Amino acid sequence: MTTNDSVALTDFIRNIITEDLKANKNEARIVTRFPPEPNGYLHIGHAKSICLNFGIAAENKGICNLRFDDTNPSKEDIEYVESIKEDVRWLGFNWNDRLFYASDYFEQLYQYAVQLVKAGKAYVCDLNAQEIRDYRGTLTKPGKESPYRTRSVEENLDLFERMRAGEFEDGSRVLRAKIDMASGNLNMRDPVIYRILRAEHHRTGDKWCIYPMYDFAHCLSDSLEGITHSICTLEFEDHRPLYDWFLDELNVHHPQQIEFARLNLSYTVMSKRKLAELVEQGHVTGWDDPRMPTLSGLRRRGYTPESIRNFCERIGVAKRDSMVDIALLEHCIREDLNQHAPRVMGVLRPLRVVIDNYPEDQIEELDGPYHPEDSSMGSRKLPFSRVLYIERDDFREDPPKKFFRLSLGREVRLRYAYYIKCTRVVKDEQTNEVVEVHCTYDPETRGGWSSDGRKVRGTLHWVSADHSLEAEVRLYDRLFDKANPTGEKDTDFKTYLNPNSLETLTSCRVEPSLAGEAPGSRSQFERLGYFCVDAKDSSDGALAFNRTVTLRDSWAKIEKRKK
RNA sequence: UGGGGUGUCGUCAAGUGGUAAGACACAGGAUUUUGGUUCCUGCAUUCGGAGGUUCGAAUCCUCCCACCCCAGCCA
């Protein structure tokens, strides 16, 4: 695993940091931060940022803060801060005692704003939202200066103080930076830095009725925390001049903002808004639906934190917009689980098999190692009896070319058990469907091996009918059936929702060793894929498994090609 | 005739003037009591395009083209 080999990661951000370290910038200290807004759940795009910020800090003996950017109480909630903390912890990162909130700095931020007013660099503006928009101009036309732009420092000070005191209506006035209404960069056209907003804040309650805007709060929070490298996504590139402006005007510690491209993953969507839409409209069962690219969804699906961290390392960090193939994510979880998941047997669509020459009441305990390449994982006993279940797909009446599973007259191996040969089939008279197959077994092949050198091509997984446990299995697939569901401007992304993203199977049979498996525990169902016990819906009496990912399936590929 | 970015294999991505890493995907083959794993092999004479500089250019210069972001009192 690359995680263990840990070849030093390099990307343009780490290169900048290496240079800064060499130049002894910031006394060669590295301080980063992960600054989520608590208004939604974290997704794998955030994982990229978390791995970057915490990773860079760790690699350079630096520190990384977790800071909630909670400056808009109308959208934020404590539920989200709790889930975010849980997800960051689960991913494997530790902020120790450096858990911060932008709201911790509200008083300090207010004082900075006063300082700006005193310096003649900010003013209270009475224009309403629509007017401000009109005065801002357009992308190609410069804006107009607000008639309130020339108010005296004294008047601004008085008005701003009264804004804080709650003397004015929501939306009636704002504090604006006095920069340049003709700037080609719209962010510099006298941006709003404080608005009046009476909303219960999850941490400060009703202490404040004015709240700072992102551009003002973010750079100064970074500064206050002594951040050295403020890493954010590309859409903030245009904001960097403003980020720098505030820090320069206030003459405070000046972190360097660096932007990188956010993660896009094929066959899914990554915006909080769109994910929320899927949740609200019931297309998925919640933020932690195993089909969601949220960390809570991936966790419930069976992804390991290691696999996600490994994925984040492999995708790299750069500035170009890109779309990572979800096959890479799938590769990462297979790689991890192949190494660590115990092998067990489960039959998803059971087909009854009767071994006619096997003694009626006999039961044998056969040994089955938990991992073919790692004997330290031990083994379990598999009960074998006269009546078994095999996978429906593993029997064909008319076997196509290269099909080397069971069929009339054919011999196959039952994993860790015996060779069996099919002698006849029983069909449903109505549907003509095969409902039972009869076989004979070769007692000389116990354990699944013949000393006479006879070759069998197929090895099937199986369970004993009487000893197996019933289970529900959810087969998850990609959420969308289009690589880029948001790619067409005129088509709603939900048009491309994959109707087969979830198939629930209720009469599956799994081997008895799975009884009492802990929620979240992962195993490979041999020949099928990796599954985990659902953390919410599974119980001892009613097992429920989620399919994390299938095994690579070259037979399926062959079959698909023939069509 | 707004500003800011980005263009290297199907998808990510190294490369910073010395002759195109690696990963995923894909295609062959070997081994295999999982059609899994593992292991070999193949996969950009070419770096958005056109000129130019140079002994030498993905890297430097010029022009052009394409795509992304910005007109919240959201972050």
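Values in this document were obtained by computation on a predicted structure and should not be read as measured data.
Residue A:Ser322 places none of its side-chain N or O atoms closer than 4.0 Å to OP1 or OP2 of B:U11. Contact check, A:Arg320 against B:U8: a side-chain N or O comes under 4.0 Å of OP1 or OP2. Contact check, A:His461 against B:U34: no side-chain N or O comes under 4.0 Å of OP1 or OP2.
Contact annotation for A:His239: base contact, defined as any heavy-atom pair under 4.0 Å involving a base atom. Among the atoms of the strands shown, only primed sugar atoms or phosphate atoms (P, OP1, OP2) are found under 4.0 Å from some heavy atom of A:Thr71. A:Phe403 comes within 4.0 angstrom of a nucleotide base, judged by non-hydrogen atoms across all strands. In this structure, A:Asp238 reaches the bases: a heavy-atom distance under 4.0 Å links it to at least one base atom across the strands shown. As judged by a 4.0 angstrom heavy-atom cut-off over every strand, A:Asp170 is placed among residues making no nucleic acid contact. At the heavy-atom level, A:Ile132 lies under 4.0 Å from base atoms of the strands shown. Nucleic acid contact class of A:Gln524 (heavy atoms, under 4.0 Å, all strands): base. If you check every strand for non-hydrogen atoms under 4.0 Å, A:Tyr211 touches nothing. Residue A:Arg343 is classed as a base contact, given a heavy-atom separation below 4.0 Å to a base. At a threshold of 4.0 angstrom between heavy atoms, the contacts of A:Val549 with the nucleic acid are absent. Contact annotation for A:Ile315: backbone-only contact, meaning every heavy-atom pair under 4.0 Å involves sugar-phosphate atoms and none involves a base. Across all strands shown, A:Pro372 has heavy atoms under 4.0 Å from base atoms, whether or not it also approaches the sugar-phosphate. A:Ala129 comes within 4.0 angstrom of a base, heavy atoms only. Within 4.0 Å (heavy atoms only), A:Phe404 reaches at least one base atom of the nucleic acid.
Candidate nucleotides B:A71, B:G5, B:A13 were compared by shortest atom distance to the side chain of A:Leu139, and B:A71 ranks first. Comparing B:A75, B:U6, B:G72 by their nearest atom to the side chain of A:Lys319 picks out B:U6. The listed nucleotides are B:C24, B:C70, B:A75; the one nearest the side chain of A:Arg314 is B:C24. When distances run from any side-chain atom of A:Arg240 to the nucleotides B:A75, B:G3, B:G5, the shortest one goes to B:G5.
Comparing B:A14 with B:A66, their C1' atoms sit 24 Å apart, to the nearest whole Å. Annotation: B:G2 and B:C60 have their C1' atoms spaced 29 Å apart (nearest Å).
Atom CZ of A:Arg334 is separated from atom C1' of B:A23 by 15 Å (rounded to the nearest Å). In this structure, A:Asp190 places its CG atom 16 Å from C1' of B:G72, rounding to the nearest Å. Atom NZ in A:Lys455 sits about 12 Å away from atom C1' in B:U31, given to the nearest Å. Residue A:Arg195 contributes atom CZ, which lies 7 Å from atom C1' of B:C73 at whole-angstrom precision. Atom NE2 of A:His371 and atom P of B:U38 are 10 Å apart (whole Å). Taking atom CG on A:Leu328 and atom P on B:A23, their separation rounds to 12 Å, with Å as the unit. At whole-Å resolution of the value, CG in A:Asp321 and P in B:C67 are 13 Å apart. Between the OH atom of A:Tyr243 and the P atom of B:C70 there is a distance of 21 Å, rounded to whole Å.
Between the side chains of A:Arg33 and A:Ser230, at least one donor N or O lies within less than 3.5 Å of an accepting N or O. For the residue pair A:Asn185 / A:Ser183, no side-chain donor-acceptor distance below 3.5 Å is found, with atom types taken as modelled.
Cation-pi geometry between A:Arg509 and A:Tyr389 is not met: the NZ or CZ atom fails to fall both under 6.0 Å from the ring centre and inside 45° of the normal.
The aromatic rings of A:Phe68 and A:Tyr101 lie parallel to each other, their planes meeting at an angle below 30°, with 60° marking the opposite boundary. Between A:His239 and A:Phe236, the two ring planes are perpendicular [angle over 60°; tilted spans 30° to 60°]. Aromatic ring orientation, A:Phe100 versus A:Tyr105: tilted (interplanar angle from 30° to 60°). Using cut-offs of 30° and 60° for the angle between ring planes, the A:Tyr441 and A:Phe384 rings count as tilted.
Within residues 551-561 of chain A, the residues approaching RNA chain B are A:Leu551, A:Arg552, A:Ser554, A:Trp555, A:Lys557, A:Arg561, by heavy-atom distance under 4.0 Å.
Annotation for A:Lys402: atom NZ does not count as buried by contact number, only 12 or fewer foreign heavy atoms lying within 6.0 Å.
Counting atom types as modelled, A:Arg133 pairs no side-chain N or O with a base atom of B:G72 as donor and acceptor under 3.5 Å. Between the side chain of A:Glu373 and the base of B:G36, at least one donor-acceptor pair of N or O atoms lies under 3.5 Å.
In a base pair of the Watson-Crick type (N1 to N3 plus N6-O4 or O6-N4) or a G-U wobble (N1-O2 and O6-N3), with each distance short of 3.5 Å, B:G7 is matched with B:C65.
Glycosidic conformation, B:G28: anti, with the torsion outside 90° of 0.
Checked against A:Phe34 for a side chain to side chain contact (heavy atoms under 4.5 Å, CB included), the options A:Asn65, A:Ile231, A:Leu42, A:Leu52 give a single hit: A:Leu42.
Counting all heavy atoms, side chain and backbone alike, A:Gly448 lies closest to A:Tyr419 at O-CE1, 3.7 Å.
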